[in-house]
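Numbered from 1 within each chain, the chains take letters A, B, ... in sequence-line order. Side chains included, hydrogens not; waters and symmetry mates left out as well; all remaining heavy atoms used.
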Amino acid sequence: MAFWLYAARRAAHTAVTLVLLLVFMYVLFRLVPGDPTTIMLGTGELPFEAQQRLRELWGLDRPQWQQFVTYAGNLLTGDLGMSFYFRRPVIEIVWPMLLNTLVLMTPVVVISIVLGVVIGTWLGWRRGERIEEIGAILALIPRALPVFWIGIVLLALFAYELRWFPIGGMRQAFFFPETWYQELPFFDVARHLVLPVAAGVLTSMADPLMIQRTALIEVKHEDFMTHARARGLTERAQRRLARRTAFLPVLTYSAIMVGFAFGGQVLLEVVFNWPGIGRLMVNSVSQRDYPVAQATFFLMAAAVVTLNLLVDLAYGWLDPRIRQ
Amino acid sequence: MLALDDVSIIYAARSGPVQAVSGVTLHLPVGGSLGLVGESGCGKSTLALAALSLLPPEARLSSGAVRLEGQDLATLPEAKLRRLRWTRMAYVPQSAQNALVPVHSLRRQFRDTAAAHGMRSAAADERAAALFQRVELDPAILDRFPHELSGGMRQRAMIALALLFGPSLLVADEPTTGLDVIVQRQVIDLLRDLRTEDGLALLFISHDIGVVAELCSHVAVLYAGKVMESGATDRVFSLPNHPYTMGLQRAFPDIRHPERSIVSIAGHPPRLSAPPQGCPFAPRCPFAQPLCHNTVPSLVAGPDGRAVACHFAADAEALRDRARDPALWDAAA
Amino acid sequence: MSMAVSVTDARKTFVASRRLFGGGTTVHAVDGVSFTIAPGRVLGIAGESGSGKSTIANLLVGLELPTGGEIAVGGRPLGRKPDADFRRSVQMVFQDPFGSINPRFTVGDTVGEPLLIHRLGSPAERHARAVAALDEAELRPGEAFMDRYPHELSGGQRQRVAIARAIVLRPRLLVADEPVSMLDVSVRAGILRLLNRLVHESEMAMVFITHDLSIVASVCDELAVMYRGRFVEHGPVRDVLQRPVHPYTRALIAAVPVPDPTVAPTPLPAKLMSGGAPVAGGCRFAPRCSAAVAECETIDPVLEPAGPAHSVACIRHKEIAP
Amino acid sequence: MSPFASWSGGFGAIFLSLVVLIAVLAPWLSPYDPLVNNFDAAGQLRRLAPPSAAHLLGTTYYGLDVLSQLIHGTRIVLIVGITCAVLIALIGTNIGLIAGYYGGRVDTVLMRATDLAFGVPFIPFAVVLVALLGPSLWNTIIAISFLMWRSTARVIRSQVLSLRERGFVKAARIAGASDMRILYVHIFPNVLPMALLYVSFDIAWAVLAEASISFLGFGDPHQTSWGQMLYLAYVSGSIRQAWWWTVPPGAALSLFVIAVFLVGREYERLANPRLR
């Protein structure tokens, strides 16, 4: 089957998932006791008349499905409503935070997958050697560590104790460069990135690593690897072949990993005071600022669904069998 | 061309070492054809891999030597061995479905193989197109992926790939198993042509004595990792000297004689982790005597280039007469 | 005499390669097949993969429902859905002895299960019937096998367990789908002889599906050769094997390797392999047939008599008959 | 198989037994009530006291005994781990079984639901749900189980898809077995090893998830969980000096999860010989 047909089908699939996701969110955020008119004012001690006017204004008197259509339409067009807390359009608050989140998340995900695949291939290829056995068990350990705890330990050690890195945030309020390289525009942000990225990579590297290792061990037993050896392929070419085939499960996993990465991201942002949407979400939930909470949740979910689609497309590209 | 001298192979299994092949000696002359027949688990595929020096890590050559054109493969460094593979000896495995790289087009697999031996992509493409014509495949198929082809097409593509460097030895391990009869016939015809026209030496492994009879001038019958009988195919099949060969032959139906009843051989092959003390076939042999259960018969070469491992090889003629009666085998089963 | 099985114009179509929008291509896996089998007789159905022989097997045992035609077992037609009676009257033996028995069941559980499902007899009676079925399948003594697990058995023994499970309900029809093709050569004859004996000593009929024409003679009474969803030749087994009429049957027989090195293999006609797709409304074998004439492209042949009990679907059968 | 590998599985098993023992005996083992503030002789709150004979692992900012909290935390870990794993296994296995066996429309609907569950970011969802329903241990368990069945469902479904084509399933259908019988007598026992493997990993993930939710401040305020200990250490700003407050709960959490992984790995090794 042609690749584009496969791509179209996956895209249609994603659209359906996105709609379902909107329904899911609509229901989820209506689990809040009372309705927005009462939440907004905290106590709900508003005169009945005024409440009624607000209900009409916000369309809360219309049938559920109409409310949902308006809601979905608004979200999809970027009209995320007003923040109860900041009294500003949600989009203005969320947008810069989203960019900050990507600044932290991209290196975490990319480095984790690259390191995981490289180390996983190495371990899988060396199956049965003593170093591999120890390596495989060592690789389990970081997967078991809670990311926020690693963050705390890193902070206590490298920020408070050794003072090598800042104790959190993304930029320093009053930063005076001492040498030339400190004057580089991204230097300050990079310095703030080191600890959170280290904590993130340490904990999210383990999964791609273990998956790549397991897949490689399985691939090594495949007939086509014996045949590749029979064809006189060099050790390097054989390993490239194995890595290429064994990478497919990692690719599948990377879609799931993005979902997890947002979870880890929330924790990282809280521990390191990173001004991203994860921390914003936790704060807005605590402050019962539901429009903001909803918007951050939607953005994360939409990002996961979109990245899932991209991974599916990459899979279809790399594995011709899947296109059927 | 290819010589296996007293080859024994041991697998390290979970339950302990398993002697998959013991003391097998085989010779395949230049341009010759040798069929290995036997039931599943008799060591056929292990021997094929040993002939290519491709044994998996858990298996090892515990004794003997495999020689290709006089060179002992075990003594060659890996780099030399690698260059020998595919240029001098090629391999057509049992399942082309699993042996072709699933994520690469056929063209890519030709090119990768070519690159491993220093041939350029353009030259590889040209050669691949010519070879596809040789195996009666449309060269346009080169750009397809293995899963897009039928079983017969895949197996022929596999053979074309084996011929990339015009090797002098082809090891084919059950290349027609799982194919439909007409497609199987096509593959057999192709292999026969390669043998007679291109002078390719063929080591052919099969459980089907009919296919071996059509394709190979010489045959070795394996049982429990040992050669029971070997020699020229027409001699072995017309005058089998070993009771196992006789039974195997009687177990095979012949479509020209639907009235002939086929037999089963009682029992099942021995477990190689705990082989019987005497002749491995003794527990299933209708002619077994106390001697057979205690002493392993050695493979004795006869005058006509044949060898047989049976204590009663001298009485073969009488045994053959008795083996013709299906009641004999039924009584044992 | 009432027939154990009668199949009239059975059809099964599948929708293949579904598109993103709209329908897809229909494949006629079985395209108008009729036959009857008397109790105690065996019909062999031979053909290459994709000929529709496995679909017939699935239709006969109710794993799939026909899209047209009628299937009746013991005179009772299969209605909209197979009912308990139908389930009791047909059973199947599968190709793969390793996949066809639940690895977590003992032999006794496996063989006794059909009795349990149909709530036949007390536990003691069920046990006795399962032991008897094992004995009949030549696993003797049956009692000794009851508590064993499949992994303790050889391939041949597993296939006998599968046969015992199939006969424990005393079905009217047994469908054997390539029952020996995954077994070692040395044990095939035993299984074939067992099936042969079970059918011919009882009122049970059998359909024996195979791709290997060389073994049909030892089990079957009649043989039908299938090509692209149709029977192209049907007759007494030795008659078909020794005097095949249809060009396809001839090619199939010629392609079977002969275990005699002194006999040169019969060459196959070149057109057999190079032929393209059949023309609608014509003979489906015509593009690969070396005996085809222009008419073959326009006439879709039906089975017609070519000898006693022997029929062939070829418009030139009289001219090309041996 | 190397002794090293089985040694690691044994270590995991011993550690887990120890945790169960501590959880059962928690009231007798812990020297203090984990939720009662401790005062010194002068009546002063024992704020951030370093480890001593009286408080083997020191005290918290609120004057609570760290060791006692740690000991009581094992109970939360086991309740959350086991309850979630059972819920997840029940939901995931059944969805996988039903989707894989029935196929067609049922499969499409259930797999869409699974896709949706994969599309929802897990921790943010749990935080929102717990915040909306009100922080409590039970709500945390619901929030965790509500999404985590997804991996189990997918894996079990793919196993069922291949089992469905096996002869013994067809044979059962031909013999007239009901769908329920085929699903739960024939197919289920054959997917059980895989389901159990996922149960072991789900215990680990659920415990980590509970810790994360508690660390974000949405845990049950009336229970002492290890995640909550870290939350309080963090928000009280004590992480720079009170290592005795931050290291033990984090290390205990990690060791518990490692132990679960090691036992799961050992089990996988037995179930899947290829990984030996």
Closest heavy-atom pair and its distance - D:Gly250, A:Pro146: O-CD, 4.5 Å

Non-hydrogen atoms of A:Trp149 and D:Thr246 that approach each other most closely: NE1-O, 2.8 Å

Any donor-acceptor pair under 3.5 Å from D:Tyr234 side chain to A:Ile152 backbone: no

Side-chain (D:Trp243) to main-chain (A:Val153) donor-acceptor, under 3.5 angstrom: no

At a heavy-atom separation under 4.5 Å, does [X] approach chain A through its side chain, its backbone, both, or neither?
X: D:Ala204; answer: neither
X: D:Phe146; answer: side chain
X: D:Ala251; answer: both
X: D:Phe125; answer: both

Looking at [options], which one has more heavy-atom pairs under 4.5 Å with chain A than the rest?
options: D:Val207, D:Val128, D:Leu262; answer: D:Val128
options: D:Ser151, D:Ala131, D:Pro124; answer: D:Pro124
options: D:Ala259, D:Gly217, D:Ala211; answer: D:Ala211

Where does [X] contact chain D at under 4.5 Å (heavy atoms): side chain, backbone, both or neither?
X: A:Leu155; result: side chain
X: A:Met300; result: both
X: A:Val270; result: both
X: A:Val16; result: side chain

Top contributor to chain D contacts, counting heavy-atom pairs under 4.5 Å, from A:Val266, A:Val271, A:Val147: A:Val271

Most chain D-contacting option - heavy-atom pairs closer than 4.5 Å, from A:Leu307, A:Val282, A:Val305: A:Val282

Given D:Ile258, D:Val257, D:Leu255, the one that forms side-chain contact (heavy atoms from CB on, under 4.5 Å) with A:Ile141: D:Ile258

Geometric class of the A:Phe148/D:Phe215 ring pair [parallel <30°, tilted 30-60°, perpendicular >60°]: parallel

A:Val304 and D:Phe118, any side-chain heavy atoms less than 4.5 Å apart: no

Reported CG-to-CG distance for the pair D:Asp115 and A:Leu20, which is rounded to 0.5 angstrom: 9.0 Å

Gap separating the CG atom of D:Leu116 from the CG atom of A:Leu21, nearest 0.5 angstrom: 5.5 Å

